[in-house]
Amino acid sequence: MFEFSFEIYEVSKENLVDYLGTILVLILFIIERVLNGRNQKKDSERNWYLNVIVQPNLEELKSFFKNYKRVTIESFKYLYSFTPEKNNKVFLNIKSKEFDRIKDLRRGEIETFLLLINSFDVDLYSSLSTVIRDMEDWIIKKADEELDIEEVLYDFEDEYSFIVNEFMKHLYKPI
């Protein structure tokens with residue numbers, strides 16, 4: 001009833017070029033689809049990071065840095081208003097309370113944001129936390145130096161600008 005016949009085709013140079021051209025087009029199509037899918041996934045992650053983590057918290061971050069600057073300047077002015085020996089127990093106690101005040105600001109205002117970052121990227125969390133700790137270390141170091149208050153405040157302005165810039169640079173690095 002039905003007959004099947006299989007014929008063997010000879011492959012000529014023209015047919016080979018057509019076959020290779022078709023195979024090349026298919027391979028390029030598959031590569032393009034894979035790369036496009038990866039790019040869409042990266043774009044989706046970037047948009048999510050920007051829209052869910054960064055944008056909603058920008059005002060809080062600005063507020064944190066503004067308050068951090070204000071509290072630090074107040075603390076420096078208060079600490080430098082004293083003229084006792086740096087090893088005086090009363091002075092050391094006052095200095096400790098001022099440092100706690102600065103650290104409490106960080107713990108209260110930015111720690112929640114940093115924990116949100118930690119859920120997204122542990123390395124980013126680590127780098128942002130390091131930037132904030134570096135600022136605290138700088139403040140402690142300057143409080144121990146015997147400088148003029150105007151010089152300390154001038155240096156703080158530079159360091160503050162650098163730290164905020166570093167923080168934002170790390171924050172936007174995933175984008």
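- Y154 has its side chain out of reach of D148: every pair of non-hydrogen atoms, C-beta onward, lies at least 4.5 Å apart.
- Considering CD1 of I139 and CG of L79, their distance stands at 11.0 Å, rounded to 0.5 Å.
- Under the 3.5 Å distance criterion, the side-chain polar atoms of S126 are left unmatched by any main-chain donor or acceptor of V122.
- For Y125, the ring pair (Phe, Tyr, Trp, His ring centres under 6.0 Å) test picks out no residue, with sequence neighbours left out.
- Within the 4.5 Å cutoff, the side chain of E74 has heavy atoms near those of the R101 side chain.
- Closest approach of K142 and F76 over heavy atoms only: CB-CZ, 3.8 Å.
- Smallest separation of non-hydrogen atoms from R106 and I132: CD-CG2, 3.0 Å.
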Please table the atom pairs, donor to acceptor, closer than 3.5 Å between any side-chain atom in residues 160-175 and protein atoms at least two apart or in another chain.
from : atom 1 : to   : atom 2 : distance (Å)
Y160 : OH     : F65  : O      : 3.0
S161 : OG     : E157 : O      : 3.0
E166 : OE2    : K169 : NZ     : 3.1

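- Ion pairing of D43 with R46 is present here, as a side-chain N (NZ or NE/NH1/NH2) and a carboxylate O approach within less than 4.0 Å.
- For the atom pair OG of S127 and CD1 of I117, the computed distance is 9.0 Å after rounding to the nearest 0.5 Å.
- Distance check: S129 OG to N118 CG gives 8.0 Å after rounding to the nearest 0.5 Å.
- Minimum interatomic distance between D121 and D123 (heavy atoms only, all atoms of both residues): OD1-N, 3.0 Å.
- Nearest heavy atoms, W138 versus V152: CH2-O, 4.1 Å.
- In summary, E136 and R133 do not engage in a salt bridge, as defined by a charged side-chain N under 4.0 Å from a carboxylate O.
- Atom CG of residue N93 and atom CD of residue E98 lie 10.5 Å apart, to the nearest 0.5 angstrom.
- Between the S96 side chain and the L92 main chain, no donor and acceptor come within less than 3.5 Å of each other.
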Do any side-chain atoms of residues 50-63 form donor-acceptor pairs under 3.5 angstrom with protein atoms, and if so which ones, sequence neighbours left out?
from : atom 1 : to  : atom 2 : distance (Å)
N51  : ND2    : N47 : O      : 3.1
N57  : ND2    : I53 : O      : 2.6

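- Looking only at side-chain heavy atoms (C-beta outward), L24 and L28 come within less than 4.5 Å of each other.
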Exercise. Report the C-alpha separation of M135 and F156 in whole Å, then their side-chain angles, then the decisive distance to 0.1 Å, and conclude whether the side-chain contact (heavy atoms from CB on, under 4.5 Å) test is met.
Key: CA-CA 10 Å; M135 187 158 150; F156 175 69; 4.2 Å; yes
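- Expressed to the nearest 0.5 Å, how far CD1 of I110 lies from CZ of F64 amounts to 4.0 Å.
- Rounding to the nearest 0.5 angstrom, the gap separating the CG atom in L35 from the CD1 atom in I30 is 12.0 Å.
- K103 has no carboxylate O lying under 4.0 Å from a charged side-chain N of D100, or vice versa, which leaves the two without a salt bridge.
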